Amino acid sequence: MRHRFKRTYACSASLYAPQLSRFPFKAGPEVQPRPLGAAGGGTRGDDAGSTGSRSPVRLRTQSGGRWSRSAPWLRSGPGRCEALAARARLVGVSPARGPGPRGARSGKFFHNLMERKDFETWLDNISVTFLSLTDLQKNETLDHLISLSGAVQLRHLSNNLETLLKRDFLKLLPLELSFYLLKWLDPQTLLTCCLVSKQWNKVISACTEVWQTACKNLGWQIDDSVQDALHWKKVYLKAILRMKQLEDHEAFETSSLIGHSARVYALYYKDGLLCTGSDDLSAKLWDVSTGQCVYGIQTHTCAAVKFDEQKLVTGSFDNTVACWEWSSGARTQHFRGHTGAVFSVDYNDELDILVSGSADFTVKVWALSAGTCLNTLTGHTEWVTKVVLQKCKVKSLLHSPGDYILLSADKYEIKIWPIGREINCKCLKTLSVSEDRSICLQPRLHFDGKYIVCSSALGLYQWDFASYDILRVIKTPEIANLALLGFGDIFALLFDNRYLYIMDLRTESLISRWPLPEYRKSKRGSSFLAGEVSWLNGLDGHNDTGLVFATSMPDHSIHLVLWKEHG
């Protein structure tokens, strides 16, 4: 008679109980069930945990035939489960509780099959045996258990495997070791890792050295005194935004200053203020941030200007130099002696000295307060278009740190004078890029007390001021005749007739450019200049503001290129 099983899956054997019901069979001799793992002999058909001999389970059918455990279709897979279900019926255990007293008895037996203590003993024995197996045997054992598992067991296994396999090494490792591992990742990967979890974001954000290094690689200045764990990650995010703006040519904006009625010949910038000298016989002082004119005084025709809070010094095409007071507009000193136009001026209040370079091929040294000429320096054979008075910052046989040095430049040469030691000084050194004067120097000169930099048709030349040796020549084959505006430790600011360029000096590559209008050309280089230059030594998130570049225009206005505010 065919038995009906209720389709509730209390154990893995019950999955195949309906299939077994199609095969009528008679139960064999009454077998007393023994708890799994109990000691003693007997056939393997007695219980699954028996340690007895491996005699096969034999099921007797109505026709008297026998099914052996050794049958191929019962060795593994569904056949094995059908055999287990049939065996459960032989021993009086129903896979699911059915109607009738035997179903009730068998269900009770099923739920009380093994006491907790016996189960723990059995589990210990199995564990010891499992640990003694080889890896291959362990794998086969697990495969066998998985094949016997139902949905509940497989779900339990899946949940636990996920926890065991996904090890959070940043959470488990010591913080110092985590920081060491993070150093090997690039910043973009680190930012992606911050999205994994709150714990990862906390650890990665606190890795100060990683973010400081990332900022340095972008050309950012690092203040080691700042120890805020989250500070440098924020700085990096700000830095990467600014560098992307530079690469996309979106870091700057333009503006104009309108007020002169004739050509503007001279420009000088300091601390957010721009001074302009014009052929309209006036000089004006502008606030770059607002575009407003702060002072305007009547002067002579200005070819060069330099100012501070109280005074303005101008060099003129009338061969003279004058000193003016901003507040009253009065001329306080008038320096006469040159026989050609004065193209460049510089002064130092501490030394009470003013120097001027002229079209008469000479450099004159003046007493700033008295207005008298102290010395005339000769040796140039071309117009002296630039003079720079600067403190030395390196030690050598010829000078010491703190000594004042005068540099003067013409079309072919740069001369060095020890102006701080004596007024009647002699030239220490003459620098040039070609002995036969076949290569001209651009009319801009950089000197910061350590290095001398000038541009030419061959590229940028950098000299070491301690030894006067050429340190390097930076060539730009893709763009010829780049003029120098500013030079720092990290960046250089250059320009030509069409664009303003930023060069990364570490790679000697141009990283950004900005279009320029048709500005007035000047052989002396006085009608264009760089604005703030501290960022050339490295950006810091605060020095990328204000004026970048200024030049005079044919319509007598001043074209300004300014840093765009951070987005």
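None of these values were measured; they are calculated from a predicted model.
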J.: Assess whether atom CD of E209 is packed by more than 12 heavy atoms of other residues, nucleotides or ligands within 6.0 Å.
T.: no
J.: Measure the shortest side-chain to side-chain distance between T381 and F361 over non-hydrogen atoms and say whether it is less than 4.5 angstrom.
T.: no
J.: Who are the side-chain hydrogen bond (donor to acceptor under 3.5 Å, both in side chains) partners of Q462, not counting sequence neighbours?
T.: R472
J.: Is it true that atom NZ of K270 has more than 12 heavy atoms of other residues, nucleotides or ligands lying nearer than 6.0 Å?
T.: yes
J.: To the nearest 0.5 Å, what is the distance between CH2 on W326 and CD on E309?
T.: 11.5 Å
J.: Determine whether the side chains of R444 and H446 contain a donor N or O and an acceptor N or O closer than 3.5 Å.
T.: no
J.: Have a look at L562 and tell me which of V288, V548, T545 forms a side-chain contact (heavy atoms from CB on, under 4.5 Å) with it.
T.: V288
J.: With no hydrogens and no angle check, just 3.5 Å: does a side-chain donor-acceptor pair link S344 and K386?
T.: no
J.: According to side-chain hydrogen bond (donor to acceptor under 3.5 Å, both in side chains), who are the partners of K411, at least two apart in sequence or on a separate chain?
T.: none
J.: CG/L241 to CG/L237 distance, rounded to the nearest 0.5 angstrom?
T.: 9.0 Å
J.: Step by step, work out the side-chain hydrogen bond (donor to acceptor under 3.5 Å, both in side chains) result for H338 and N319.
T.: CA-CA 5 Å; H338 280 295; N319 307 341; over 6 Å; no
J.: Is there a donor-acceptor pair closer than 3.5 Å between any side-chain N or O of T332 and the backbone N or O of E325?
T.: no
J.: How far apart are the closest heavy atoms of V313 and C323, and which atoms are they?
T.: CG2-SG, 4.2 Å
J.: Pair Y236, W211 - check ring-ring contact (aromatic ring centres under 6.0 Å, His included), show working.
T.: CA-CA 6 Å; Y236 173 77; W211 297 113; 5.4 Å; yes
J.: Cut-off 3.5 Å, no hydrogens considered: what does the side-chain donor-acceptor table look like for residues 193-200, sequence neighbours left out?
T.:
{"residue": "S197", "atom": "OG", "partner": "W200", "partner atom": "N", "Å": "3.2"}
{"residue": "W200", "atom": "NE1", "partner": "D168", "partner atom": "OD1", "Å": "2.7"}
{"residue": "W200", "atom": "NE1", "partner": "D168", "partner atom": "OD2", "Å": "3.4"}

J.: Can you find a pair of side-chain heavy atoms, one from L510 and one from D504, that are under 4.5 Å apart?
T.: no
J.: Working to the nearest 0.5 Å, report the span between CG of L274 and CG of D287.
T.: 10.5 Å
J.: Within the 3.5 Å criterion, strictly below it, is a donor on T314 or H300 matched to an acceptor on the partner's side chain?
T.: yes
J.: With side chains defined as the heavy atoms from C-beta onward, is the minimum distance between T430 and I414 less than 4.5 Å?
T.: no
J.: Do the side chains of F307 and L273 get nearer than 4.5 Å, heavy atoms only?
T.: yes
J.: Restricting to non-hydrogen atoms, name the atom on N543 and the atom on W563 that form the minimum distance, rounded to 0.1 Å.
T.: O-NE1, 4.4 Å
J.: Please check if the side chain of S552 supplies one atom and the backbone of Y265 the other of a donor-acceptor pair under 3.5 Å.
T.: no
J.: Count the heavy atoms of every other residue, nucleotide or ligand shown that sit under 6.0 Å from CZ of R498, and state whether that count exceeds 12.
T.: no
J.: Less than 4.5 Å apart, side chain to side chain, heavy atoms only: is that true for C392 and Y404?
T.: no
J.: So, D352 side chain and S369 main chain: donor-acceptor pair closer than 3.5 Å or not?
T.: yes
J.: Closest heavy-atom contact between I258 and S557?
T.: CG1-CB, 4.1 Å
J.: Taking the inter-plane angle between the rings of F343 and F317 on a 0 to 90° scale, is it parallel (under 30°), tilted (30 to 60°) or perpendicular (over 60°)?
T.: perpendicular
J.: Mind checking what makes side-chain hydrogen bond (donor to acceptor under 3.5 Å, both in side chains) contact with Y451, not counting sequence neighbours?
T.: none
J.: Nearest 0.5 Å please: distance from the CG atom of L267 over to the CG atom of L547.
T.: 9.5 Å
J.: Measuring centre to centre across the rings, with the benzene-like ring taken for any Trp, is Y501 within less than 6.0 Å of F495?
T.: no
J.: Short question: side chain of S456, backbone of L441 - any donor-acceptor pair under 3.5 Å?
T.: no
J.: Determine the minimum heavy-atom distance between W232 and Q212, stating which atoms define it.
T.: NE1-NE2, 3.1 Å
J.: Any idea which heavy atoms bring G291 and W286 closest together, and the distance?
T.: O-CE3, 3.8 Å
J.: Between S278 and A262, is there a donor-acceptor pair closer than 3.5 Å when you use the side chain of the first and the backbone of the second?
T.: yes
J.: Is S438 reaching over with its side chain to a backbone N or O of S434, donor-acceptor style, under 3.5 angstrom?
T.: no
J.: Looking at S396 and A466, what are the two nearest heavy atoms and their distance?
T.: CB-O, 3.2 Å
J.: Scan side-chain atoms only and decide if S408 and W417 contain a donor-acceptor pair under the 3.5 Å cut-off.
T.: yes
J.: In the structure I gave you, are the side-chain heavy atoms of F487 and D448 within less than 4.5 Å of one another anywhere?
T.: no
J.: Which one of V321, L354, L389 satisfies the side-chain contact (heavy atoms from CB on, under 4.5 Å) criterion with Y347?
T.: L354
J.: Does the side chain of S358 come within less than 4.5 Å of V384's, by heavy atoms?
T.: no
J.: Kindly say whether S432 contributes a backbone atom to a donor-acceptor pair with the side chain of R437 at under 3.5 angstrom?
T.: no
J.: Between T551 (side chain) and S527 (backbone), is there a donor-acceptor pair under 3.5 Å?
T.: yes
J.: Examine distances only and state if a side-chain atom of H249 and a backbone atom of R513 form a donor-acceptor pair shorter than 3.5 Å.
T.: yes
J.: Do W366 and T372 have side chains that approach each other closer than 4.5 Å (heavy atoms only, starting at C-beta)?
T.: no
J.: Kindly compute the distance separating CG (L177) from CG (L175), expressed to the nearest 0.5 Å.
T.: 9.5 Å
J.: Between D489 and N537, is there a donor-acceptor pair closer than 3.5 Å when you use the side chain of the first and the backbone of the second?
T.: no
J.: What pairs with K415 under salt bridge (Lys or Arg N to Asp or Glu O under 4.0 Å), at least two apart in sequence or on another chain?
T.: E413
J.: Tell me every residue that passes side-chain contact (heavy atoms from CB on, under 4.5 Å) with Q298, counting only those two or more places apart in sequence or in another chain.
T.: L281, S282
J.: Looking only at the side chains, is there a donor atom on one of T276 and K284 sitting less than 3.5 Å from an acceptor on the other?
T.: no
J.: Is the gap between the ring centers of W324 and H334 under 6.0 Å?
T.: no
J.: State yes or no: are the ring centers of F252 and F549 separated by less than 6.0 Å?
T.: no
J.: To the closest 0.5 Å, what do you measure between CG (L493) and CH2 (W514)?
T.: 13.5 Å
J.: Do you see a donor-acceptor pair shorter than 3.5 Å between the side chains of K233 and N201?
T.: yes
J.: Is K311 paired with D349 through a side-chain N to carboxylate O contact shorter than 4.0 Å?
T.: yes
J.: Run the numbers on K306 and D346 for salt bridge (Lys or Arg N to Asp or Glu O under 4.0 Å), then give the verdict.
T.: CA-CA 7 Å; K306 184 176 180 179; D346 202 354; 2.3 Å; yes
J.: Distance only, no hydrogens: is a donor on one side chain within 3.5 Å (strictly under) of an acceptor on the other, for D410 and H380?
T.: yes
